[in-house]
Each structure stands twice: as structure tokens, then as C-alpha cells.
Amino acid sequence: MAGQIQIGGLASGLDTAAIIQALVGAESIPIQQLEARKSEQQTKINLLSTFEGLIDTLRDKANDFKETIGFVANSVSIADEGVASFTSTGGTALGSYSLNVLELAAADRFVTTGVDSDIVPIDESISANFSYGGEEYEVTLTGDDATLANLATEIEEATGGEVQTNVINVGTSNSPNYKLVVEGSSTGADNAIQNFELSTPNDSLAIEEQLSIASNALIELNGLTIERDSNEFTDVIDGLSFTVETVTTEPVDFSVSVDEEGTIDQLKEFTSAYNAVIGFINSQNEYSEEGGAGGALFGDSILRSVQSTISGSFSAPGVVDSTSSFGSLGLLGIDLGIDGLLTVNDTEVKEKLLEDPDAFADFFVDNDGFDNNGADNGTSGFYTDTTIDTGVFSQLVSRLDQLLDDQEDSSGDTLQGLIDSRQESLKTGIETFDDRILRLESRLESFEQALVLQFAALEQLVGNLNSQAGALAAFNA
């Protein structure tokens, strides 16, 4: 390269290296400008990735809470712990209840007579016959395979695990007594092991007794008798499921109430995600005379589009109701500041929750589900809920999906979402800058080489002239 040629300027007295460096530096200014613009583009790409992550968090929270089952938290208190365990799923389960557990659900369980070893053949053969779940099964083992352990394995494999087995030593190490326990995998009267028979040529193994009989769980709830094939009752009380754990001798009272703190915590999770997005937008759009623009995305249309989409979700048709005291954020105890950030007023939210939990939830959640009437992907109708009830969270998810997700146009081509499209454009710009920088660097290298050769020729010329001048001076002396 030209930079490897050393020019001392001995003949001319000029600092030719410094001159060349200055000229090359001046010529490289366009490259520096392109590098700066490339860095700005990369900064924007990074900021958009951060922004997209914040939006995705907000969208995920809204998606988690868009149904009552995920948003409104209930709490259950019971007079006697250990009778039942409860899982609140939101909804309209509020109230007081009386529960009496008459019977627990059970599965069929049989035990065989004992043998000395579970791995030594019991007899010349073993046969097990039974039916379960409407299917008939026959398991036969002969010769060395006719062991208790193999019988247990074959029964489970034949039924695909629907009938479960265990080999248990009820004796001691010195005097073992192995027994086979056979049990249905499901409780309930309809899940009995029927016509269970064991046979060996010498009656070496038989069914000793039935330890439990397949039966349903039986409860009384507020005086009504209810029966299920398991101990789980998931469809008795709207918004509440419970599992009975022990039989009671008298009714036990329990109550379901709104868990104000739980609901407020979930509301704060959402507002925190919301404020993170709006706070990012605000920080990018700040401007001062001293510091200039707050961020590389200052004034970017993407920021305006996202902010407009989010704010529009809170005022969409089907959400805001001017005739209802539950028809807007402010009425529900959630303040919108001039900076666009949301603040949850715990006291006011609790009051509205206690006043009417269903009306409170209805502003946020979509009770009747999303239905776009079969609109095609790529059309605005694909993201439009045509049902009466919408809810803020559902609106927000739908609008952000439409803005940010890839879509198909009428010809089947994929159209990138807003942020992805912008990032691709910025990446293309960076590639263009890289190409221009490479071309300019090549020209700069040629320019530097030309300067080196020109100054080398100058030094040689001046050196020759100096030699001639010295010769003339010596001749005239």
C-alpha cells in the first residue's frame, strides 16, 4: 500500500508525510460521515428491537387478561381446612355455600394371594381375564415367563396403562410374600374392572380380595345432591372448581369473594407494561435546546402509530360507555396523566370492584369471545370483533396484532409488520452504506498512492535541482 512508502522530505524540507496524512484525512470525511449514518441506522434498529420487546410484553399481558378467567381474581375461605381444595377461575362464583361430602370417588382395586418370589415362575402358566372401559383383555404367560412381575407388566402393556399394577412384598426379607395389586387408572362407577379372573393349573395364584370398589364422588352443595366420577368438581359453580378430599359428617360452609388485592396486582402488571411502552415513546420524543432530541427515534412515525393504536383501544366502540359509571378508565380508578402514563388508585379500584365486580371486569375483558365473521387474513375485518362485547384487553391485542404481525395481501404475498418492515429498511440502508464505504475506501487508497508517488517525484526533482545548484556554486567559487 502507499502508506508503506516512506518520504522524509529531506530534499524539499517539507513534512510530506504530514501533508499526505492531512490530504487523505480531508478526502476521508465522506467515509466518516457514512460511518456515522450507518451507526445511527444500527442504533435505530437496536432501539426498535427494544421497543418491540416492550410492546410484546404489553400484548402478552393483555392476552393473558382478556378473559374474566384470567383477570378477575377471587378468594375462597372455608370453615374447615382439608375438606376441599379450591381453584378460582374468575367469573360469577361470588357467594356463600354449604358443602357436605357424602362419598369420595374410588377406583376398583384388587389384590392377589401371595407368592415367595416375584421373578420365579409361579406355575406352568398364568391367565388373567377382565374387561375395562368397554374392552376385554386376556393375558397369558407360560413357562419361565409365568412370574408375578411379568404378569404385572403384561397387564399394564395390554391396557396401555389404563389398568395399573404394583407388586408389593407384604412379608419380610427372610420370609417374603409378594402380592399383585391391580387398579383401574380412573375413578367412578363407570370405570370398574369387570369379570376379573386369575387362573393357574395348580391354583398357585388367585384373587384374594377386592380392596376398593369403583364408585362416584357424592356431595351436597347448598342442599343439592351432585355426583361426579372423580373427586374434581369443575363445572358446578361458575368460575370455581374444587376437589373434595375427605368425607364430612356435617355441612361445611365456604364463601367466594372478590380478591381485590389479587385483581389490583394483575391490573398493575398490565399498567406497568403499558407505562414501559409509553415511557419509551416519551423518552425518544423528548427535546431540549441544550440536549436536542431525546433519542434516535425522535419524531419517528412508528412511535406515533403505536401510541395511537394503544390509546385507541381504551376509547374503541364497545368499550367506552358514557352512560355507565364503569364506562371509562377514570371511572374505574385508573388515572391517565398528561404524560400518557397510567396510575392505579388502589382505593378507588377496590370501591368499584366491591360495587359491581362483573361491571368492573366487563370494561377490560371480552366475555362473548372474538368473532370476525370469517373475514380473510390480510383484510381489516380479520382483526375486527363483530360481537357486542369487546373489552380493552381484547381490543388492544387485536389492534397490535394488526399493526405488528406479518399479514397476507389479496395475492397471497406476505406483508411484514410495521416494526419488522422498518428494521428491514434500515438494514438495507446499512448495506447500501457499506457498499459506498467500500468504494470510497478503494478510491481513497488510490488517492493516497498517487499522493505518495507525486511527493516522491517532487523530492527527487528538488534533490536533483539542489545537486545542480551545489555543482554550479562549486564551479563559480
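We use all heavy atoms of the structure for the numbers below, so side chains are in, but hydrogens, waters and symmetry mates are not.
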| Residues two or more places apart in sequence or in another chain: which of them pass ring pair (Phe, Tyr, Trp, His ring centres under 6.0 Å) with Tyr178? |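 Once residues adjacent in sequence are excluded, Tyr178 has no partner under the ring pair (Phe, Tyr, Trp, His ring centres under 6.0 Å) criterion.
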
| said: Once ring pair (Phe, Tyr, Trp, His ring centres under 6.0 Å) is applied, do any residues pair with Phe130, and if so which ones, sequence neighbours excluded? | reply: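 Partners of Phe130 under the ring pair (Phe, Tyr, Trp, His ring centres under 6.0 Å) test: Tyr137, Phe196.
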
| Would you call Phe360 and Val258 a side-chain contact if the rule is heavy atoms closer than 4.5 Å? |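 When only atoms from C-beta onward are counted, Val258 and Phe360 do not touch, as no gap falls below 4.5 Å.
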
For [Y], is there an ion pair with [X] - N to carboxylate O distance below 4.0 angstrom?
X: Glu40; Y: Arg37; result: no
X: Arg422; Y: Asp300; result: yes
X: Lys179; Y: Asp118; result: no
X: Glu269; Y: Lys61; result: yes

| Taking only residues two or more places apart in sequence, or in another chain, which ones meet Asp335 in a salt bridge (Lys or Arg N to Asp or Glu O under 4.0 Å)? |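 For Asp335, no residue satisfies salt bridge (Lys or Arg N to Asp or Glu O under 4.0 Å) once neighbours in sequence are set aside.
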
| message | Suppose we screen for salt bridge (Lys or Arg N to Asp or Glu O under 4.0 Å). Which residues come up paired with Glu162, at least two apart in sequence or across chains? | response |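 Salt bridge (Lys or Arg N to Asp or Glu O under 4.0 Å) check on Glu162 returns nothing, list empty.
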
| field | Non-hydrogen atoms of Leu198 and Leu151 that approach each other most closely | value |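 Taking every non-hydrogen atom into account, CD2-CD2, 4.1 Å.
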
Verify the distance criterion only: is there a donor paired with an acceptor across the side chains of [X] and [Y] at less than 3.5 Å?
X: Ser75; Y: Ser257; answer: yes
X: Gln395; Y: Arg399; answer: yes
X: Glu156; Y: Thr165; answer: yes
X: Asp401; Y: Ser398; answer: no
X: Thr248; Y: Asn100; answer: yes
X: Glu227; Y: Asn216; answer: yes

| query | Which residue pairs satisfy the salt bridge (Lys or Arg N to Asp or Glu O under 4.0 Å) criterion with at least one member in residues 243-253, sequence neighbours excluded? | reply |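 Counting only pairs at least two positions apart or across chains, no salt bridge (Lys or Arg N to Asp or Glu O under 4.0 Å) contact touches residues 243-253.
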
| Less than 6.0 Å separating the ring centroids of Phe242 and Phe233? |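 Under 6.0 Å, so yes.
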
Would you please name every residue forming a side-chain contact (heavy atoms from CB on, under 4.5 Å) with [X], sequence neighbours left out?
X: Leu336; result: Tyr274, Leu342
X: Thr225; result: Leu218, Glu220
X: Asp435; result: Arg439
X: Thr140; result: Ser127, Glu138, Thr142

| Between atom CZ of Phe270 and atom CG of Asn275, what is the distance when rounded to the nearest 0.5 Å? |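 These two atoms lie 9.5 Å from each other.
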
| Set of side chain to side chain donor-acceptor pair (under 3.5 Å) partners for Lys38, sequence neighbours left out |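 Here the qualifying residues are Asp434.
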
| message | Please enumerate all residues that pass side chain to side chain donor-acceptor pair (under 3.5 Å) together with Thr432, with sequence neighbours excluded. | response |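 Thr432: no side chain to side chain donor-acceptor pair (under 3.5 Å) contacts found.
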
| query | Testing Asn222, Leu221, Val256 for side chain to side chain contact (heavy atoms under 4.5 Å, CB included) with Ile237, which one passes? | reply |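 By the side chain to side chain contact (heavy atoms under 4.5 Å, CB included) criterion, Ile237 pairs with just one of Asn222, Leu221, Val256: Leu221.
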
Please list every donor-acceptor pair under 3.5 Å in which a side-chain atom of residues 45-55 meets a protein atom from a residue at least two apart or in another chain.
residue: Asn46; atom: OD1; partner: Gln42; partner atom: NE2; Å: 3.0
residue: Asn46; atom: ND2; partner: Gln42; partner atom: O; Å: 3.4
residue: Ser49; atom: OG; partner: Ile45; partner atom: O; Å: 3.2
residue: Ser49; atom: OG; partner: Gln423; partner atom: NE2; Å: 2.9
residue: Thr50; atom: OG1; partner: Asn46; partner atom: O; Å: 3.2

